Amino acid sequence: MEILIRNKVIQAIETLYGQGIDENQVQVQTTRKEFNGDKTVVVFPLLRISKKSAEQTAEELGNYLVETIEVIASYNIVKGFLNLVFHNRYWVNLLNKAISDPNYGFKPVTKDSEVVMIEYSSPNTNKPLHLGHIRNNLLGFSISEIMKANGNKVVKTNIVNDRGIHICKSMLAWKKLGNGETPQSSGKKGDHLVGEYYVKFDQLYKKEITALIATGLTEELAKEQAPIINEAREMLRLWEANDPATRELWSMMNTWVYAGFDETYKTLGVDFDKIYYESNTYTVGRDEVLRGVKEGIFEQMDDTSVWANLEGDGLDRKILLRSDGTSVYMTQDIGTAKIRYADFPIDHMIYVVGNEQNYHFQVLSLLLDKLGYKWGKDLYHFSYGMVELPQGRMKSREGTVVDADDLVVGMVEVARKVSEELGKLDNYSDQEKQHIYEMVALGALKYFILKVDPKKTMLFNPEESIDFNGNTGPFIQYTYARIQSVLRKAADAGITIPTEVPAVEISEKEASLIKALTEFPEAVQEAGEKHSPALVANYVYELVKEFNQFYHDVTIMNEPDEEVRKFRLLLAQTIGKTIKNGFSLLGINVPERM
RNA sequence: GGUCUGGUAGCUCAGCUGGAUAGAGCAACAGAUUUCUAAUCUGUAGGUCAUGGGUUCGAAUCCCAUCCGGAUCACCA
């Protein structure tokens, strides 16, 4: 529609003033709520051409547009703004489209759709998931749904960092202090158990460092020479050399961790189509790097370490293989990328990884490009901001980490309390109630995180952050539940809701609700283009706020006019559907009652 | 120090491809329920859009400088 208006304005300028203009000189925008109209043409930029006053130009333009565009009923002018008012039937047509399409706003995925692979989550197997991972998982899942809704084939993938010195630290501490403790014997969740030993390692390590410093060593040397860190390094060497005992311990502890992760993923409602493990990909990366050396892309030093020189690209030198021949993070990502492109016909690759890795992905992109992968330079790093606590960053060493599982449990508890106070679910079974508490708690958490622009650092205050009133997930879920309640009442009364808008007078409130509704497809598209679930969240919030006003001001079931009543039911039903679809893009479920 | 990134109400955030009087929620205060779920709705109050300059008919938005914060620049991942 905007395009049509823009083209007509260009035509009008030509006809009226005999001058051609560039299309980006014509500004068409949605009319602000406080003014009367649907679309607005900004006439200021055109004054130079018309050589007339703003009012006069707008008037001439307005007349032209009313005559040439059928759906425009009238216009009004405020200062230099030409507000165009559409016929109601324009909105009714759009609403009918929204009604008839169960996947309104979503583009279909066909066999010709592009394949988008999205990597997210990517945990280390030495400690449990925390709040930062939650943001990653929620963003990753949501952007996957959004890409799907924009007509892409999506492959969700997870690369598990299951090898490296950090894993050896947990293993070593467990070996020294564990006394054979297992998740079964202790009743602890596997990832938490392993995480505890990671912390224990760090405590031992610190003690040794302190002791060494007391003997006169510098801190740097002490860190280097502490016996326990050397033991861990030795363990890594044994691991890479396929030492059976080390491998067995490693795979046992990893199994514990995976069981724990799976539980957390299930709670969060995220999943993956394909999981990669770095223990399987890092050797491929090493081979690629060595190929690079052979082809003169990288340089090998006298101590056999391999480096990429990126000074020509404005970056630094980057190590790719250590002098002992082992891989670094970058090497692994090269290997993983190669395997993935062999496994899937990927058109676009999206990495959901925190913004602390911006440099890493800049380098990765360049390296892949240098190695001859044509997709290297257009990989997309979905870079999101950190989650901070009121005290600042989360630090596991200082115990300020917010554990993912604990957080969810706490929120379900709050949801239960709120719900019990309200007492609306009193005659439901415990199982049904629990189901709703979990839905609401997760709705609150997910919405809280996803409504913020992903690029921005966000603040999370465990005491105050998660609310159930106002601009929150539960607020939106509540509205959905309310709509369903009305629809149930209608069904009980034997009313059949029509499948097309009946011929009724549409009030202003209803019209603005319809307008809000019809912006959904645009919101979905923009969220895809800008990689931002926040745009969906904010859209749904606006829609719901609009509906709640309508709901408050206008009666649905008690409306005397049968056709109007049916129209409102139909409208409410369609809003409900859109809330549900919109929230599905955020991975948030909506309850039938709450 | 180099590079990247941010600074909008007491707090958490929208708005940023330049447009009309800078918006929400929370917190504060005042109201609304004989009527479809009050986890709702209405209102009051709260702003030097970090600061200074520039471009423009018009700047929170674009450009430059300064101040303040964060990330990153590892033979950690």
Side-chain angles (χ1 to χ4, degrees), chain A residues 24 27 29 31-32 34-35 40 42-45 47-48 54 78-81 83 122 124 126 161 163-167 278 301 303 305-307 314-330 332-333 354-360 362-363 383 385-386 388 390 392-393 415 418-419 421-422 424 440 444 448 451-453 455-461 464-465 467-479 481-490 493 534-535 537-538 541-542 545 548-559 565 568-569 572 593-594:
Chain A
N24 48 30
Q27 284 179 54
Q29 54 198 239
T31 305
R32 286 202 165 205
E34 54 269 34
F35 299 97
T40 295
V42 185
V43 298
F44 292 111
L47 301 184
R48 214 169 310 178
V78 181
K79 295 186 197 163
F81 298 91
N83 300 321
S122 309
N124 290 339
N126 61 333
N161 301 304
R163 49 144 258 128
I165 191 81
H166 54 290
I167 317 293
E278 283 196 349
M301 310 309 287
D303 63 1
S305 63
V306 176
W307 296 76
L315 303 174
D316 287 327
R317 277 157 45 91
K318 181 83 195 168
I319 191 155
L320 297 176
L321 285 178
R322 297 193 189 96
S323 50
D324 62 4
T326 53
S327 316
V328 295
Y329 183 32
M330 188 62 73
Q332 293 165 167
D333 262 356
N355 62 14
E356 54 194 353
Q357 308 280 357
N358 284 355
Y359 184 70
H360 174 85
Q362 215 181 327
V363 172
S383 163
M386 299 289 102
E388 285 186 355
R393 274 188 98 180
V418 173
S419 178
E421 268 168 34
L422 294 168
K424 290 177 184 172
V440 171
F448 180 81
K451 78 172 179 195
V452 180
D453 182 342
K455 290 195 299 290
K456 290 196 172 176
T457 304
M458 66 176 288
L459 188 105
F460 182 87
N461 185 334
E464 303 169 7
S465 281
D467 216 322
F468 292 75
N469 305 316
N471 184 359
T472 67
F475 166 80
I476 290 162
Q477 289 172 317
Y478 174 73
T479 305
R482 242 180 177 182
I483 291 172
Q484 300 318 304
S485 173
V486 176
L487 294 177
R488 277 193 299 273
K489 289 240 157 61
L535 296 176
N538 290 331
Y541 175 62
E542 291 300 325
K545 226 171 31 158
N548 276 336
Q549 283 167 20
F550 165 79
Y551 182 88
H552 190 262
D553 294 353
V554 170
T555 178
I556 297 174
M557 286 302 287
N558 294 325
E559 165 60 42
R565 185 168 62 217
R568 289 181 185 161
L569 281 167
R593 53 197 107 211
M594 68 184 266

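Each chain gets a letter, A, B and so on, in the order its sequence line appears, and its residues count up from 1. Not measured: the values here are computed from a predicted model.
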For a quick test of reading the model: is some side-chain N or O of A/Arg317 closer than 4.0 Å to OP1 or OP2 of B/A74? no

What pairs with A/Phe35 under side-chain contact (heavy atoms from CB on, under 4.5 Å), at least two apart in sequence or on another chain? A/Thr31, A/Arg32, A/Val78, A/Asn83

Between A/Thr31 and A/Phe475, name the one whose nearest nucleotide on RNA chain B is closer to the 5' end. A/Thr31

With sugar-phosphate taken as primed atoms, P, OP1 and OP2 and all else as base, the protein-contact string of nucleotides 1-10 of chain B at under 4.0 Å (heavy atoms; B, S, -) is ------S---

Base, sugar-phosphate, or nothing for A/Met594, non-hydrogen atoms under 4.0 angstrom? base

Starting at CD of A/Glu388 and ending at C1' of B/A71, how long is that distance when rounded to a whole Å? 10 Å

Under 3.5 Å, which protein N or O atoms sit close to an N or O of nucleotides 23-27 of chain B? Give each pair with its distance.
residue	atom	partner	partner atom	Å
B/A24	O2'	A/Tyr541	OH	2.7
B/G25	O2'	A/Asn471	N	3.3

Nearest to the side chain of A/Asn548, heavy atoms from C-beta on, is which of B/G70, B/A77, B/U40? B/U40

Taking B/U35 as the reference, what is the distance to B/A28 when you measure between their P atoms (whole Å, please)? 28 Å

Extract from the structure each pairing of a protein N or O with an N or O of nucleotides 29-36 of chain B at less than 3.5 Å, listing the distance.
residue	atom	partner	partner atom	Å
B/U35	O2'	A/Asn558	ND2	2.9
B/C36	O3'	A/Lys489	NZ	3.3
B/C36	O2	A/Ile556	N	3.2
B/C36	O2	A/Met557	N	2.8
B/C36	N3	A/Ile556	N	2.9
B/C36	N4	A/Tyr551	O	2.5
B/C36	N4	A/Val554	O	2.4

Figure out the CD/P separation between A/Gln29 and B/U61, and round it to whole Å. 17 Å

Once you apply a heavy-atom cut-off of 4.0 Å, does A/Val42 come out as touching a base, just sugar-phosphate, or nothing? base

Side chain of A/Asn83 - closest among B/A20, B/A77, B/C57: B/A20

Determine the contact category for A/Arg593: base if any of its heavy atoms lies under 4.0 Å from a base atom, sugar-phosphate if only primed atoms, P, OP1 or OP2 are that close, otherwise nothing. base

Rounded distance in Å - CE (A/Met301) to C1' (B/C75): 12 Å

Which nucleotide wins on minimum distance to the side chain of A/His166, given the candidates B/U40, B/G15, B/A77? B/A77

List the residues meeting ring-ring contact (aromatic ring centres under 6.0 Å, His included) with A/Tyr541, not counting sequence neighbours, and say none if there are none. A/Phe475

So A/Thr479, base contact, sugar-phosphate only, or nothing? Heavy-atom distance under 4.0 Å. nothing

Measuring only the P atom in each nucleotide, how far is B/U33 from B/A45? A whole number of Å is fine. 23 Å

Students often get this wrong, so: under 4.0 angstrom with heavy atoms, is A/Val328 touching a base, only sugar-phosphate, or nothing? sugar-phosphate

Rounded to whole Å, CD1 of A/Ile476 lies from P of B/U40 at a distance of 11 Å

Between B/A14 and B/A32, how far apart are the C1' atoms? Round to whole Å, please. 28 Å

Those residues at least two apart in sequence (or on a different chain) that pass salt bridge (charged side-chain N to carboxylate O under 4.0 Å, His left out) with A/Arg317 are A/Glu299

Could you check whether A/Thr479 and A/Asn548, counting side-chain N and O atoms only, form a donor-acceptor pair closer than 3.5 Å? yes

Of the nucleotides B/C13, B/A20, B/A77, which one has an atom closest to the side chain of A/Gln332? B/A77

Under 4.0 Å, heavy atoms only, any strand: does A/Leu422 hit a base, just the sugar-phosphate, or nothing? base

Convert the base pairs of RNA chain B into dot-bracket notation, remembering that pairs crossing earlier ones are written with [ ] and that bases paired across to another strand are shown as |; include only Watson-Crick or G-U pairs under 3.5 Å. (((((((..((((.....[...)))).(((((.......))))).....(((((..]....))))))))))))....

In whole Å, what is the span from the CG atom of A/Leu459 to the C1' atom of B/G69? 13 Å

Please list, one pair per line, the donor and acceptor atoms closer than 3.5 Å that link side chains of residues 550-557 of chain A to other protein atoms, with sequence neighbours excluded.
residue	atom	partner	partner atom	Å
A/Thr555	OG1	A/Asn558	N	3.2

A/Met458 CE - B/A71 P separation (whole Å): 17 Å

In terms of side-chain heavy atoms of A/Ile319, which of B/A74, B/A38, B/A77 is nearest? B/A74

Please state the C1' separation for the pair B/A24 and B/C41 - nearest whole angstrom. 15 Å

Polar side-chain atom of A/Asn124 near backbone of A/Asn126 as donor-acceptor pair, under 3.5 Å: no

Who are the salt bridge (charged side-chain N to carboxylate O under 4.0 Å, His left out) partners of A/Arg393, not counting sequence neighbours? A/Glu356

Would you check, one step at a time, whether the test ring pair (Phe, Tyr, Trp, His ring centres under 6.0 Å) holds for A/Tyr478 with A/Phe468? CA-CA 10 Å; A/Tyr478 174 73; A/Phe468 292 75; over 10 Å; no

In whole angstrom, give me the gap between the C1' atoms of B/A71 and B/U8. 22 Å

Where the side chain of A/Glu356 is concerned, which of B/C41, B/A71, B/A77 is the nearest nucleotide? B/A71

Check if the side chain of A/Thr457 and the base of B/A71 share a donor-acceptor pair of N or O atoms closer than 3.5 Å. no

If the condition is salt bridge (charged side-chain N to carboxylate O under 4.0 Å, His left out), which residues does A/Lys455 pass it with, not counting sequence neighbours? A/Asp453

Find which nucleotide of RNA chain B each of A/Arg488 and A/Phe448 is nearest to by heavy atoms, and output the residue with the more 5' nucleotide. A/Phe448

Set of salt bridge (charged side-chain N to carboxylate O under 4.0 Å, His left out) partners for A/Glu421, sequence neighbours left out: none

A/Asn161 CG to B/C76 C1', in whole Å, measures 12 Å

Using the C1' atoms only, state how far B/A22 lies from B/C13, rounded to an integer number of Å. 14 Å

Spacing of the P atoms in B/C67 and B/U56 (rounded, Å): 28 Å

Keeping A/Arg163 on the side-chain end and A/Glu278 on the backbone end, is there a donor-acceptor pair under 3.5 Å? no

Go through the structure and list residues passing side-chain contact (heavy atoms from CB on, under 4.5 Å) with A/Ala537, not counting sequence neighbours. A/Tyr447, A/Lys451, A/Leu586

Donor-acceptor pair present, A/Asn461 side chain and B/C11 base, under 3.5 Å: no

B/G70 and B/C75, which share atom name P, separated by this distance in whole Å: 24 Å

The side chain of A/Phe81 lies closest to which of these nucleotides: B/A77, B/A20, B/U12? B/A20

Any stacking of A/Phe44 on B/G19, going by centres under 5.5 angstrom and planes within less than 30 degrees? yes

Considering only side-chain heavy atoms of A/Gln357, which listed nucleotide, B/A20, B/A14, B/A77, is closest? B/A77

Aromatic rings A/Tyr329 and A/His360: how do their planes relate, parallel, tilted or perpendicular, breaks at 30° and 60°? parallel

